[in-house]
Chemist: 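My questions will all concern the structure given below.
First listed ligand is number 1; within each ligand, the first listed atom is number 1. These values consider heavy atoms only, across backbone and side chains, with no hydrogens, waters or symmetry-generated copies.
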Amino acid sequence: MHAWPASEVPALPGQGRDPRIHDTATGGLVTLAPGPVARIYVCGITPYDATHIGHAATYNAFDLVQRVWLDTKRQVHYVQNVTDVDDPLLERAQRDDIDWVALAEKETALFREDMTALRMLPPRQYIGAVEAIPGIVPLVERLREAGAAYELEGDIYFSVESDPNFGKVSHLDAAAMRLLSAERGGDPDRPGKKNPLDPMLWMAAREGEPSWDGASLGRGRPGWHIECVAIALDHLGMGFDVQGGGSDLAFPHHEMGASHAQALTGEFPMARAYVHAGMVALDGEKMSKSKGNLVFVSQLRRDGVDPAAIRLALLAHHYRADWEWTDQVLRDALARLDRWRAAVSRPDGPPAEALVEEIREALAADLDSPAALAAVDRWAALQHERGGTDEGAPGVVSRAVDALLGVAL
Ligand code: 5CA
Ligand code: ZN
């Protein structure tokens, strides 16, 4: 699949610092100091509905990670998937009586537009589940040969008990895992499984559903977790720097992915850091396609909201916090954008070097974007109150805000 166009990232004077970021697996802050090429995999959308503010907030967090790395003069190898065949997509297509391929293409196209408008850096590889099937099948075959997978009525399941490290990403007790498995695509109540938590690797073809040639597995379609493992291992290899997603992916998705990879390679963990963004709510409940309490990025854009203001609204919340979208959040972001634009529209202003360092420091401290915004607010307030004589300072500020926060002033 093709991704979306990259917005340019201006180079800044000086150099950024290696970020410290919260890793779910170890439960603490880790320093992300990869080699010259940082490797990051961020779980992509299941394209059965438009991009909502919750998605955008999660992608914003991982966009910041990359901007910080770029500022440390590293290159970034970024991979993202599109779950373009899965139960929720097929169910929505059937409900709305449309072709599932057309639905996936339409929503993926809209996602690309939203990401472009929000100035999210594009992945180097943007890979659909369907196009990854030829790489998934041999992995499932290998898992079966290794004794980590078994068949149940034609479906192939992964055995969580084959992995001595199972549980070390999300650290949940058995009851919590079972509950979340049922909520998030698993089938813990299906009789005949070795362990209720075992996830499907390959689902045998069902009447009326799409299916693909699975060689020794028979016709069918891939499970969700193996999709991301296959794509990540194919393009990034084992031990990449960050696997990212919303906190709802810690279990089962990232836990199972780490397990699959451990069974395939004998190594743990697949990613050096498991990084999870908080959940955005609307009307007191997590924004979710299944509940329908959504604010779409594309709708806001159609309403004439400047994407830079949407981005500022996301940045005003720490990525790990759960927060609520309200009209006030958007009003505050619009007002801030106006203040900042006015402040950088003069030829000179208060010195900007210290501000660039403050933004760097804030982001390096577990992506503290609210602190970064507060630093720019202070500079803008100074500019409005007293001005300054540093020629070019407004240009430095707007380049820093663009390069590090993805906001075009
Ligand atoms: N295709 C899978 C990942 S492989 C998937 O979870 N797709 S998704 O469309 O449901 O979600 C895409 C990303 O948005 C995931 O990282 C998910 O954790 C995140 N996300 C979903 N809802 C919210 C929300 N309300 N707030 C923050 N992030 C969210
Ligand atoms: Zn994923």
Side-chain angles (χ1 to χ4, degrees), residues 1 24 40-63 65 79-92 103-104 107-108 110-111 114-115 118 120 123 126-130 132 136 169-170 180 183-186 199 222-236 240 242-258 260-261 270-271 274-297 313-314 317-325 329:
M1 285 205 180
T24 305
I40 178 167
Y41 184 94
V42 180
C43 283
I45 54 162
T46 305
Y48 68 90
D49 214 336
T51 318
H52 59 63
I53 288 290
H55 300 135
T58 289
Y59 295 112
N60 178 56
F62 299 100
D63 192 69
V65 173
V79 178
Q80 189 181 132
N81 69 305
V82 188
T83 308
D84 58 359
V85 62
D86 203 4
D87 293 340
L89 174 72
L90 298 175
E91 282 159 19
R92 177 63 63 92
L103 175 61
E107 298 303 353
T108 305
L110 189 57
F111 177 72
D114 289 337
M115 292 296 106
L118 292 173
M120 303 284 182
Y126 191 44
I127 310 284
V130 171
I136 294 172
V169 172
S170 56
L180 291 175
E183 264 176 37
R184 298 175 182 167
W224 173 31
H225 319 305
I226 193 68
E227 165 195 341
C228 283
V229 172
I231 297 170
L233 293 186
D234 188 17
H235 295 283
L236 296 176
F240 54 90
V242 167
Q243 179 161 18
S247 57
D248 57 344
L249 296 190
F251 191 88
H253 188 50
H254 291 169
E255 187 74 63
M256 295 299 179
H260 294 355
M270 178 167 69
Y274 283 87
V275 180
H276 293 113
M279 289 291 115
V280 182
L282 182 72
D283 303 330
E285 270 203 276
K286 176 195 158 188
M287 232 182 244
S288 80
K289 288 180 275 205
S290 49
K291 285 197 204 95
N293 56 335
L294 304 168
V295 174
F296 295 121
V297 172
L314 306 176
H317 301 85
H318 190 268
Y319 81 98
R320 280 211 285 142
D322 295 328
W323 56 280
E324 171 119 7
W325 178 266
V329 168

Chemist: Just one of His225, Glu227, Gln243 clears the side chain to side chain donor-acceptor pair (under 3.5 Å) bar with His253, so which one?
Modeler: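 Of His225, Glu227, Gln243, side chain to side chain donor-acceptor pair (under 3.5 Å) with His253 is met by His225 alone.
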Chemist: Could you tell me whether some N/O pair between Met287 and ligand 1 is separated by less than 3.5 angstrom?
Modeler: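 Yes; the residue has a nitrogen or oxygen that sits under 3.5 Å from a nitrogen or oxygen of the ligand.
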Chemist: What protein heavy atom sits nearest atom 28 (N) of ligand 1, and how far off is it?
Modeler: Thr58 OG1, 2.8 Å
Chemist: Taking Arg184 for its side chain and Leu249 for its backbone only, find out whether a donor-acceptor pair lies under 3.5 Å.
Modeler: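 No.
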Chemist: Could you pull out the closest heavy-atom pair between Met256 and Pro199, with the gap in Å?
Modeler: SD-CG, 3.5 Å
Chemist: Contact between ligand 1 and Pro47 is defined here as a heavy atom of the residue under 4.0 Å from a ligand atom; is it met?
Modeler: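 The answer is no, since Pro47 has no heavy atom less than 4.0 Å from ligand 1.
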Chemist: What atoms in ligand 1 come closer than 4.0 Å to a heavy atom of Asn81?
Modeler: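 The atoms of ligand 1 under 4.0 Å from a heavy atom of Asn81 are 4 (S).
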Chemist: Could you state the interatomic distance from CE (Met279) to CZ (Arg320), rounded to the nearest 0.5 Å?
Modeler: 13.5 Å
Chemist: What is the closest protein heavy atom to atom 18 (O) of ligand 1, and at what distance does it sit?
Modeler: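 I find the closest protein heavy atom is Asp248 OD1, 2.5 Å.
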Chemist: Please determine whether any non-hydrogen atom of Ala57 lies less than 4.0 Å from an atom of ligand 1.
Modeler: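 No, Ala57 has no heavy atom closer than 4.0 Å to ligand 1.
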Chemist: For the Zn ion (ligand 2), does an N/O/S atom of Cys43 lie at less than 2.8 Å?
Modeler: yes
Chemist: Among all the protein's non-hydrogen atoms, which is closest to atom 15 (C) of ligand 1, and how far away is it?
Modeler: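 Result: Leu249 CD1, 3.8 Å.
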Chemist: In terms of atom number and element, which parts of ligand 1 are under 4.0 angstrom from non-hydrogen atoms of Cys43?
Modeler: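 Listed by number with element, the hits are 3 (C), 4 (S).
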Chemist: In the protein, what heavy atom is nearest to atom 3 (C) of ligand 1, and what distance, to one decimal place, separates them?
Modeler: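 Nearest neighbour among protein heavy atoms for atom 3 (C) of ligand 1, to 0.1 Å: Gly44 O, 3.2 Å.
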Chemist: Using a 4.0 Å cutoff against the non-hydrogen atoms of Cys228, which atoms of ligand 1 qualify?
Modeler: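 Per the distance check, 4 (S).
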Chemist: With the Zn ion (ligand 2) at the center, what angle do NE2 from His253 and SG from Cys228 span, rounded to 10 degrees?
Modeler: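 Approximately 100° at the metal, rounded to tens of degrees.
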Chemist: Give the residue, atom name and distance (to 0.1 Å) of the protein heavy atom nearest atom 9 (O) of ligand 1.
Modeler: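 For atom 9 (O) of ligand 1, the nearest protein heavy atom is Lys289 NZ, 2.7 Å.
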Chemist: Of the non-hydrogen atoms in Ala277 and Thr58, which two are nearest, and what is the gap between them?
Modeler: CB-OG1, 3.6 Å
Chemist: Do the side chain of Asn293 and the main chain of Ser288 share a donor and acceptor less than 3.5 angstrom apart?
Modeler: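 Answer holds: yes.
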Chemist: Can you give me the closest heavy-atom contact between Cys43 and Tyr59, atom names plus distance?
Modeler: O-OH, 2.8 Å
Chemist: What is the ring orientation for His52 with His55, classed by angle as parallel under 30°, tilted 30 to 60°, or perpendicular over 60°?
Modeler: parallel
Chemist: Nearest to atom 13 (C) of ligand 1 by heavy atom, Trp325, Tyr41, Phe111, Tyr59: which?
Modeler: Tyr59
Chemist: Could you go through the side chain to side chain contact (heavy atoms under 4.5 Å, CB included) check for Val297 and Leu118 one step at a time?
Modeler: CA-CA 9 Å; Val297 172; Leu118 292 173; 4.0 Å; yes
Chemist: Is it true that His253 lies under 4.0 Å from ligand 1, counting heavy atoms only?
Modeler: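 Right, His253 reaches ligand 1.
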Chemist: Among all the protein's non-hydrogen atoms, which is closest to atom 4 (S) of ligand 1, and how far away is it?
Modeler: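 Residue, atom and distance for the closest contact: Trp224 NE1, 3.1 Å.
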Chemist: Do Asp84 side-chain atoms and Ala129 backbone N/O form a donor-acceptor pair below 3.5 Å?
Modeler: yes
Chemist: To the nearest 0.1 Å, how far is atom 27 (C) of ligand 1 from its closest protein heavy atom, and which atom is that?
Modeler: Gly54 O, 3.1 Å
Chemist: Taking all non-hydrogen atoms of both residues into account, name the closest pair between Ala313 and Trp323 and its distance.
Modeler: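 So the two residues come closest at O-CH2, 4.1 Å.
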Chemist: Begin with the C-alpha distance, continue with both residues' side-chain angles, and end with the deciding distance and a verdict on side chain to side chain contact (heavy atoms under 4.5 Å, CB included) for Thr24 and Phe251.
Modeler: CA-CA 11 Å; Thr24 305; Phe251 191 88; over 6 Å; no
Chemist: I'd like to know if the side chain of Glu255 and the backbone of Ala250 have a donor-acceptor N/O pair within less than 3.5 Å.
Modeler: no
Chemist: Got a donor-acceptor contact below 3.5 angstrom from the Asn81 side chain to the Ile127 backbone?
Modeler: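 The answer is no, because no donor-acceptor pair under 3.5 Å joins these two groups.
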Chemist: Work out whether the distance between some heavy atom of His52 and some atom of ligand 1 is less than 4.0 Å.
Modeler: yes
Chemist: How about His225: does one of its N, O or S atoms come closer than 2.8 Å to the Zn ion (ligand 2)?
Modeler: no
Chemist: Output yes when the distance from some N or O of ligand 1 to some N or O of Gly245 is under 3.5 Å, and no in every other case.
Modeler: no
Chemist: In ligand 1, which numbered atoms sit nearer than 4.0 Å to a non-hydrogen atom of Gly246?
Modeler: 16 (O), 17 (C), 18 (O)
Chemist: Going by heavy atoms, is Ala277 under 4.0 Å from ligand 1?
Modeler: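 False for this residue.
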Chemist: Backbone or side chain, does any N or O of Thr83 fall under 3.5 Å from an N or O of ligand 1?
Modeler: yes
Chemist: Where is the nearest protein heavy atom to atom 20 (N) of ligand 1: which residue, which atom, and how far?
Modeler: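 Looking only at protein heavy atoms, the one closest to atom 20 (N) of ligand 1 is His55 CD2, 4.0 Å.
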